[in-house]
Amino acid sequence: MSQVRVRFAPSPTGFFHIGSARTALFNWLYAKHTGGVFVLRIEDTDQARNTDEYLELIYQSLSWLGLKWDEGPKVGGNYGPYLQSQRAGIYKEYLEKLKATGRTYEKDGAIYFKLLGERHEVYDEHRKKTVTKVKNAPAVIDDQIRGRVERVEDEDFVIVRSDGNPVFHFVNVVDDITMNITHVIRGEDHLSNTSKHVELFKAFGAPVPSYAHIPLILKQVGPGKMSKRDQGALIEDYKKRGYIPEAIVNFLCLLGWNPGDNREKMPIEDIIKLFDLPGINQSNARFDDKKLAHMNLAYLLELPQDSFLSLATTILTRANATDALLANPDYFKAVMLLSQPKIKSAEELPKYTAYFFTEDYIHVPEVKAKVMTKGDPKARLTELIEVLSQSDFTNDIAMEESIKALAAKNNLGFGDYQAVARYAVSGTNVGPSLTAMFRILGRDKVLNRMQKTLDS
RNA sequence: GCCCUCAUCGUCUAGCGGCUAGGACAGCGGAUUCUCAAUUCGUUAACCGGGGUUCGAUUCCCCGUGGGGGCACCA
């Protein structure tokens, strides 16, 4: 059997979104699973809507997700060029082939593909005009996911616009032929188009590729499929928010596919091993950002220190605390590693760690109202300052012991001191372990902040 | 309107004629704990409806209903 060749063929007409990412992913997985070739082809025939910015975003997003293409722009290959805008010669050549067999005609300056069969006029309700229908045999699609699908293509269709540019259906098929594509894995929104494509393959005398139409991702709220405008749709956003690409990939695999057992979080190598086209679901899946967030957290907790630190640096730098960050790398590292197991997503980092980098941190009024009114908070702060000024700030266990001793002496619990201390030092009631926080902040900051709270 | 397609907890799904219908996320309750998370234990919750086929249907068939997609000189 010849080598599997699949392609992902996006058009640079908008942001790269979750649905495109999953289509790319499934193609990539199938190539990896079969030892085949993953081709990236850019369908930029819509000159009015293409932009270089979107093109670049395709490359960046695929790379970020770890979906390396074996052939395509930037990496080359034997079937190029891989931008449709550079393949005009090939399309012309193939158009001639069709013309030579009498399968085209011109109308209103455009070139149509001519179906074989009897013709008759019919009024089309939908388009409010009379159209010519062709009595044609159904095209049979042997879909790896949906089984046998039949659809009659009963109208001639445009393959070259009056401005001379070939349209999607035509270039898509010509490229699949000339690039030796064996399997077409794409969204179900193309299922109805497939009959056109099958007609073209047959007209060219080319073998029809194996099809696999994957279900669509539906928007989280409201009707319809996910689009670029929907909340949570853009890959770019997840990158900005510090999501972990492996988590997104893992999540996307589970949207319409499963390993056959109850595993969910699993290494990509295992997924590659088990992935196959017939195992893909037939029904659409609704996007769920909560589950994605959960998957991201699972990956975040296991992220190696150096990876986490570089992620944290990216996030924090963007959040403008740059000077304070660069001032002391060891301090930065300590703060971030203290926070890693506590946050749900890297995007929380700037807010979560703000008080480590400035004296001008926010004191949450609600927390103040809650914490600084119970018992005698000022007395407790005074006691804490007394005890802590004798403490070894490199030893958080010892600090904890001395605060516990202080609490016990006054018939109180550690928690009674913890709350006021935390508020004084961080302005809030959430954060990492109290004395570990002390250790990293250091004696001066801790005592000063407590004193300042006392004086206010 | 026409064509294609899909249908199990709120969501993602397992199930491929006989199961106490399983798991995960979310939710709820408990444990743990210095807060918040994490962790852990428990728990609520589903076979769209109607006909068949069959000894027996979540599972097979048909019809409804509902969802999704397509019907361009967009891709």
Side-chain angles (χ1 to χ4, degrees), chain A residues 9-14 43-46 48-50 84 107-112 122 124-128 131 138 141 143 145-147 149-155 157-169 171-172 187-195 213 215-218 220 223-225 251 254-265 281-295 297-298 300-301 339-344 348 352 367 371 400 403-404 407 413-419 421-423 426 428-437:
Chain A
S11 57
T13 54
E43 307 218 331
D44 54 351
T45 55
D46 183 1
R49 294 198 297 152
N50 291 328
Q84 288 184 333
K107 194 175 113 188
D108 305 328
I111 298 171
Y112 281 72
V122 137
D124 185 300
E125 295 276 352
H126 184 72
R127 283 173 292 175
K128 312 273 185 237
V131 296
I141 303 146
D143 195 281
I145 296 170
R146 279 149 217 291
V149 177
E150 280 188 19
R151 186 170 186 278
V152 181
E153 194 58 43
D154 62 356
E155 241 179 88
F157 53 91
V158 172
I159 52 176
V160 180
R161 301 186 194 104
S162 51
D163 64 4
N165 287 312
V167 305
F168 163 72
H169 304 299
V171 295
N172 188 270
E188 200 216 54
D189 48 343
H190 286 291
L191 190 53
S192 296
N193 290 328
T194 308
S195 48
H213 285 93
L216 301 180
I217 299 177
L218 269 28
Q220 186 151 246
K225 63 172 171 172
F251 168 80
L254 264 17
L255 227 47
W257 178 86
N258 69 81
D261 52 32
N262 283 331
R263 276 186 300 169
E264 294 205 327
K265 178 172 183 292
N281 282 134
Q282 305 181 76
S283 48
N284 294 338
R286 198 168 287 280
F287 180 74
D288 182 1
D289 62 355
K290 291 240 179 63
K291 188 138 187 176
L292 208 203
H294 176 263
M295 187 63 81
L297 175 61
L300 183 73
L301 291 173
S339 307
Q340 181 178 7
K342 306 289 286 185
I343 54 171
K344 296 198 78 166
E348 294 176 2
Y352 194 81
V367 177
V371 173
E400 189 178 322
I403 295 173
K404 276 183 179 161
F414 181 82
D416 296 309
Y417 285 86
Q418 181 271 146
R422 183 181 297 281
Y423 172 73
S426 70
T428 182
N429 61 349
V430 304
S433 164
L434 187 75
T435 52
M437 190 172 100

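Being a predicted model, the structure only gives us computed values, none of them experimental. Letters A, B, ... mirror the listed sequences (proteins, then strands); counts begin at 1.
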Point to revise | Same-atom distance (C1') from B:A31 to B:C48, integer angstrom | key: 40 Å
Review point. Say you pick atom C1' in B:G67 and the same atom in B:G15; how far apart are they, in whole Å?
Key: 22 Å
Review point. What distance, rounded to whole Å, do you find between the two P atoms, one in B:A38 and one in B:A21?
Key: 32 Å
Check your understanding: Do A:N172 and A:H169 have side-chain N/O donor and acceptor atoms under 3.5 Å apart?
Key -> no
Practice item. Using whole Å, report how far CD1 of A:I403 lies from P of B:U35. Key: 14 Å
Point to revise | A:D124 side-chain N/O to A:V131 backbone N/O, donor-acceptor pair under 3.5 Å | key: no
Check your understanding: How far, in whole Å, is B:U59 from B:G49 if one measures between their P atoms?
Key -> 10 Å
Check your understanding: Salt bridge between A:E264 and A:K291, side-chain N to carboxylate O under 4.0 Å?
Key -> yes
Exercise for review: From the options B:C25, B:G69, B:A75, select the nucleotide whose nearest atom is closest to the side chain of A:K225.
Suggested key: B:G69
Check your understanding: With both distances under 3.5 angstrom, what nucleotide forms a Watson-Crick or G-U wobble pair with B:U59?
Key -> none
**Study point:** From NE2 (A:H294) to NZ (A:K265), nearest 0.5 Å
**Key:** 10.5 Å
Review point. 5'-most contact on RNA chain B: A:P223 or A:L255, nearest heavy atom basis?
Key: A:L255
**Study point:** Interatomic distance where CG belongs to A:L216 and P belongs to B:A75 [whole Å]
**Key:** 19 Å
Point to revise | Separation of the C1' atoms in B:C55 and B:C2, to the nearest angstrom | key: 44 Å
Check your understanding: Is A:L216 close to A:D189 at the side-chain level, that is, under 4.5 Å between some pair of heavy atoms?
Key -> yes
Practice item. Would you check, one step at a time, whether the test salt bridge (charged side-chain N to carboxylate O under 4.0 Å, His left out) holds for A:K344 with A:E348? Key: CA-CA 7 Å; A:K344 296 198 78 166; A:E348 294 176 2; over 6 Å; no
Review point. If you look at every strand shown and take non-hydrogen atoms under 4.0 Å, does A:L292 touch a base, only sugar-phosphate, or nothing?
Key: nothing
**Study point:** Non-neighbouring partners of A:A421 that pass side chain to side chain contact (heavy atoms under 4.5 Å, CB included), sequence neighbours left out
**Key:** A:L384, A:L434, A:F438, A:M450
Study note, to complete from the structure: Expected string for nucleotides 2-11 of chain B under the B/S/- scheme (protein heavy atoms, under 4.0 Å, primed atoms plus P, OP1, OP2 as sugar-phosphate) is -SSSSS---S
Check your understanding: Expressed as a whole number of Å, how far does the C1' atom of B:A14 sit from that of B:G51?
Key -> 28 Å
Exercise for review: Round to the nearest Å and state the distance from A:H294 atom NE2 to B:G27 atom P.
Suggested key: 11 Å
Revision key, fill the gap. In whole angstroms, the gap separating P of B:G69 from CG of A:D143 amounts to 18 Å
Exercise for review: Remember a base hit wins even if backbone is also touched, and classify A:P10 as base, sugar-phosphate or nothing at under 4.0 Å, heavy atoms.
Suggested key: nothing
**Study point:** Given RNA chain B, 5'-ward residue of the pair A:S11 and A:G431, judged by closest heavy atom
**Key:** A:G431
Practice item. Could you check whether A:G224 gets within reach of a base, just the sugar-phosphate, or nothing at all, counting any heavy atom under 4.0 Å? Key: sugar-phosphate
Practice item. Look only at the side chain of A:R146 and the backbone of A:H213, and say whether a donor-acceptor pair between them is shorter than 3.5 Å. Key: yes
Point to revise | Presence of donor-acceptor pair under 3.5 Å, side chain of A:K342 and base of B:C36 | key: yes
Check your understanding: Taking the C1' atom of each, how far is B:G10 from B:C47, in whole Å?
Key -> 16 Å
Review point. Does a nitrogen or oxygen in the side chain of A:N281 sit under 4.0 Å from OP1 or OP2 of B:U13?
Key: yes
Study note, to complete from the structure: note: A:Y417, atom OH; B:U35, atom P; distance rounded to Å ~ 17 Å
Check your understanding: Which is true for A:G187 with a 4.0 Å heavy-atom rule: it touches a base, it touches only sugar-phosphate, or it touches nothing?
Key -> nothing
**Study point:** Separation of B:C34 P from A:E400 CD (nearest whole Å)
**Key:** 7 Å
Exercise for review: Please work out if A:D416 contacts a base, only the sugar-phosphate, or nothing of the nucleic acid, heavy-atom cut-off 4.0 Å.
Suggested key: nothing
Review point. Atom OH of A:Y352 and atom C1' of B:C36: how far apart are they, to the nearest Å?
Key: 6 Å
Check your understanding: Hey, is the main chain of A:N165 close enough, under 3.5 Å, to the side chain of A:D163 for a donor-acceptor pair?
Key -> yes
Practice item. Return the nucleotide paired to B:U65: Watson-Crick means purine N1 to pyrimidine N3 with N6-O4 or O6-N4, wobble means G-U with N1-O2 and O6-N3, both under 3.5 Å. Key: B:A7
Practice item. Would you indicate which nucleotide in B:G68, B:A26, B:C34 comes nearest to any side-chain atom of A:S433? Key: B:C34
Exercise for review: Answer with base, sugar-phosphate or nothing: what part of the nucleic acid does A:D108 contact at a heavy-atom distance below 4.0 Å?
Suggested key: base
Review point. Counting side-chain heavy atoms from CB outward, which of B:G68, B:G23, B:G70 is closest to A:L218?
Key: B:G68
Check your understanding: A:L297 near the nucleic acid: base, sugar-phosphate alone, or nothing, with a heavy-atom cut-off under 4.0 Å?
Key -> sugar-phosphate
Check your understanding: Picking from B:C36, B:C12, B:A75, which would you name as closest to the side chain of A:H190?
Key -> B:A75
Practice item. Remember a base hit wins even if backbone is also touched, and classify A:R49 as base, sugar-phosphate or nothing at under 4.0 Å, heavy atoms. Key: base
Practice item. Show the numbers, then the answer: is there a side-chain hydrogen bond (donor to acceptor under 3.5 Å, both in side chains) between A:S11 and A:E43? Key: CA-CA 5 Å; A:S11 57; A:E43 307 218 331; over 6 Å; no
Check your understanding: Looking at B:G22, B:A75, B:G69, which one has an atom nearest to any side-chain atom of A:T45?
Key -> B:A75
Review point. With a 4.0 Å cut-off on heavy atoms, is A:N258 in touch with a base, just the backbone sugar-phosphate, or nothing at all?
Key: sugar-phosphate
Check your understanding: For B:C28, which nucleotide is its Watson-Crick or G-U wobble mate, given both distances must be under 3.5 Å?
Key -> B:G42
**Study point:** Nearest-Å distance once atom C1' is located in both B:G29 and B:A45
**Key:** 15 Å
Check your understanding: Who does B:C16 pair with, Watson-Crick or G-U, both distances under 3.5 Å?
Key -> none
Exercise for review: Go ahead and name the base partner of B:C2; Watson-Crick or wobble counts if both distances stay under 3.5 Å, otherwise write none.
Suggested key: B:G70
**Study point:** Nearest atoms (heavy-atom pairs only) where A:L297 meets A:I343
**Key:** CD1-O, 3.4 Å
Study note, to complete from the structure: Whole-Å distance, A:I159 CD1 to B:A75 P, equals 13 Å
